[in-house]
Amino acid sequence: MADISLQNTAQFGVHGVQEKRDWPCLTLDEVCAVLAHFANMPPARDVVWHSMRPFSAACVVQLAGEVSASAGGANIGGQGARATSCVLKRHARALRSAAMLEQEHAFIRHLASKGLPVCPALALHDGHTALELGNWTYEVFLPAKGEDIYRDVMSWKPYFSTAQAHAAGAALAQLHKAAADYTAPERSAYVAGKTAPVVPLVSSMCVVGQEDFTTALQQWVARQPGLVAALANRPWQQDVARDVLPFHDHLRPLLPGIKPAWGHGDWHPSNLFWHANTPVTVLDFGMADRTCAAFDVAVAIERAMVDWLALPSCSATVQSVRPLVVWDQLTAFVAGDQYIRPLSAAERAQVVAFLPLVHVEFALSETAYFGTLLQDEASAEVAYTEYLLGHARWFAQAQEGQELLARLPALLAGQA
């Protein structure tokens with residue numbers, strides 16, 4: 001058995017690769033204990049790779065036998081063939097309960113039923129698809145079809161080529177067409193007169209999608225004790241009113257025209273597996289929620305078309321030292337998306353209005369994640385000052401940020 005205890009155990013942090021992991025790597029003993037709860041699952045032989053992605057721990061497990069796509073009832077999507085390995089993902093229950101994960105799994109199954117290339121979660125002996133043990137929650141998938149060519153690339157980095165950007169835009173449009181008739185409520189919705197827990201670290205519009213942004217934000221924050229604690233010593237209401245609220249003023253008149261629908265919520269190159277320049281599997285629905293297609297397109301632009309990691313500290317300046325917008329990829333991405341699912345005039349206006357706002361709820365959630373759950377105040381400061389406020393300031397004050405908002409309508413209309 002290969003000893004990987006000291007190999008591939010770094011993770012991506014707020015500024016790049018860091019040696020300290022927020023969550024410990026999965027061990028073989030832990031993996032064996034977890035997989036015993038899953039239907040028709042062979043014993044684990046070895047843990048052969050650890051993911052560097054943050055917010056959870058994930059690994060590839062070599063199995064002592066074969067498992068098929070029909071294991072545990074997950075008979076759609078995935079490779080559609082027998083596999084000798086699986087992917088195991090572990091979450092802190094404070095971030096993802098079994099019920100929260102099964103919201104994601106239900107959406108994935110819907111997309112698979114529409115022919116989308118996704119990997120449905122495998123099932124336990126009782127038919128559920130998420131397992132709670134102690135302070136952890138687990139989910140298991142078959143290996144994705146295609147190559148993980150962005151394995152060592154952080155999120156918020158561009159595509160490798162305009163061809164890949166174009167293909168990714170087309171793939172996102174296919175997802176939106178498949179998701180159009182999926183009617184599950186938003187993940188943090190009020191259900192049967194009761195307030196559901198706010199699902200942290202998702203791309204939601206619980207706040208930005210409301211006409212009264214300020215009241216919605218106050219109520220949303222109050223539902224999250226960890227976020228209340230993380231914001232206790234910050235003038236957050238004044239900061240948001242200054243840097244974020246002006247953008248919501250542009251969005252507000254467009255809200256009545258929104259057609260709610262589920263979206264991926266985190267569309268960027270490393271959440272796709274590839275064959276050459278074609279994405280062949282869509283992965284990682286951890287940030288998915290009921291938003292709308294325009295919101296999800298704006299998320300995709302924000303995630304990969306602006307090289308945020310090259311931006312100097314936003315607390316110091318919003319002027320970049322070199323271009324951050326990858327204009328040729330943005331043009332290609334939009335063209336690919338529009339070719340498959342042309343946006344209406346109303347949706348195009350919504351994309352532009354959403355773009356400076358899609359990060360707001362996630363950035364606040366990250367502030368609580370780092371500051372309260374992990375007790376990592378330095379990273380919480382980055383999430384709050386450089387992400388929540390800094391990105392909004394870049395759109396408002398940096399020449400390139402203003403140029404992006406000014407040029408995007410023509411790009412979306414195919415006129416540039």
Side-chain angles (χ1 to χ4, degrees), residues 155-159 165 168-169 172-173 176 202-210 213 240 243-255 257-259 261 263-268 287 289 291-311 314 318 320 323-327 329-338 341 343-364 386-416:
S155 306
W156 279 353
K157 299 299 288 184
Y159 293 86
L172 181 59
H176 290 157
V202 300
S203 290
S204 63
M205 44 186 277
C206 298
V207 175
V208 301
Q210 304 305 311
F213 175 88
V240 169
D243 293 329
V244 176
L245 186 57
F247 288 114
H248 193 268
D249 291 340
H250 296 295
L251 174 66
R252 187 184 301 111
L254 305 176
L255 292 175
I258 285 175
K259 296 179 179 178
H264 183 274
D266 194 30
W267 193 267
H268 57 78
M287 298 180 195
D289 201 355
T291 54
C292 65
F295 181 97
D296 212 35
V297 171
V299 168
I301 293 172
E302 186 256 359
R303 289 289 190 271
M305 302 302 158
V306 182
D307 191 0
W308 296 108
L309 298 179
L311 183 67
C314 294
V318 295
S320 57
L324 299 186
V325 180
V326 190
W327 292 103
Q329 292 194 16
L330 174 59
T331 303
F333 179 88
V334 167
D337 183 79
Q338 294 280 66
R341 182 190 178 278
L343 296 168
S344 67
E347 287 177 318
R348 296 198 298 269
Q350 291 162 13
V351 171
V352 179
F354 271 127
L355 185 55
L357 295 167
V358 289
H359 73 292
V360 169
E361 291 164 48
F362 187 78
L364 284 165
E386 298 190 21
Y387 185 15
L388 172 66
L389 304 180
H391 286 199
R393 290 173 186 163
W394 181 80
F395 281 109
Q397 301 172 21
Q399 179 178 349
E400 195 177 17
Q402 295 173 336
E403 182 184 5
L404 175 56
L405 295 179
R407 289 178 58 180
L408 188 54
L411 289 173
L412 292 168
Q415 298 172 355

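Every value quoted in this text rests on a predicted model; they were computed, and no experiment measured them.
Legend: residues meeting side-chain contact (heavy atoms from CB on, under 4.5 Å) with Val325, ordered by chain and number and at least two apart, are Val306, Trp327, Leu330, Trp394, Glu400, Leu404. Not a single salt bridge (Lys or Arg N to Asp or Glu O under 4.0 Å) links Arg348 to another residue, sequence neighbours left out. For Tyr159, the ring-ring contact (aromatic ring centres under 6.0 Å, His included) criterion is met by no residue, not counting sequence neighbours. For Ala173, the side-chain contact (heavy atoms from CB on, under 4.5 Å) partners two or more places apart in sequence, or in a different chain, are Asp337, Ile340, Arg341. Every residue meeting the ring-ring contact (aromatic ring centres under 6.0 Å, His included) condition with Phe213, not counting sequence neighbours, appears here in chain and number order: His248.
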**Asked** Does the pair Phe354 and Ile258 meet the rule for a side chain to side chain contact (heavy atoms under 4.5 Å, CB included), with working shown?
**Response** CA-CA 11 Å; Phe354 271 127; Ile258 285 175; 3.6 Å; yes
**Asked** Please walk me through it: do Trp308 and His391 pass ring pair (Phe, Tyr, Trp, His ring centres under 6.0 Å)?
**Response** CA-CA 8 Å; Trp308 296 108; His391 286 199; 3.6 Å; yes
**Request:** Could you walk me through whether Val299 and Trp267 pass the side chain to side chain contact (heavy atoms under 4.5 Å, CB included) test, one step at a time?
**Result:** CA-CA 7 Å; Val299 168; Trp267 193 267; 5.5 Å; no
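Listed for the Glu302 side chain is no donor-acceptor partner under 3.5 Å among the backbone atoms of Pro356. Judged by distance alone, with hydrogens and angles left aside, the side-chain atoms of Asp296 form a donor-acceptor pair with the main-chain N or O of Gly265 at under 3.5 Å. Counting only distance, with no hydrogens or angles, the side chain of Glu347 and the backbone of Ala293 share no donor-acceptor pair below 3.5 Å. Panel note: side chain Gln329, backbone Pro158; no donor-acceptor pair is recorded below 3.5 Å.
With contacts defined as side-chain heavy-atom distances shorter than 4.5 Å, the pair Val207/Met205 does not qualify. Residues Ile301 and Val351 meet the side-chain proximity criterion, which asks for heavy atoms closer than 4.5 Å. For the pair Phe362 and Val202, the minimum side-chain heavy-atom distance is 4.5 Å or more. When side chains are defined from C-beta on, Val326 does not count as touching Phe333, because their heavy atoms never get closer than 4.5 Å.
Here the shortest heavy-atom pairing between Leu355 and Ala298 reads CD1-O, 3.5 Å. Residues Val240 and Leu388 approach most closely at CG2-CD2, 4.4 Å, considering heavy atoms. When every heavy atom of Gln402 is checked against every heavy atom of Ala396, the shortest pair comes out as NE2-O, 2.7 Å.
For the 3.5 Å distance criterion, the side chains of Arg303 and Ser203 qualify, holding a donor opposite an acceptor. Side chain to side chain, His268 and Asp266 meet the donor-acceptor criterion of an N or O pair below 3.5 Å.
Applying the side chain to side chain donor-acceptor pair (under 3.5 Å) rule to pairs touching residues 350-362 yields Ser204-Glu361, sequence neighbours excluded.
Ring pair His250/Phe247 is tilted by interplanar angle, where 30° to 60° counts as tilted.
Within the model, atoms CG of Asp243 and CZ of Phe395 stand 13.0 Å from one another, a figure rounded to the nearest 0.5 Å. Separation of atoms CZ (Arg393) and CD (Glu386) is listed at 10.5 Å; rounding is to 0.5 Å. Interatomic distance, CG of Leu309 versus NZ of Lys157, reported as 5.5 Å (0.5 Å rounding).
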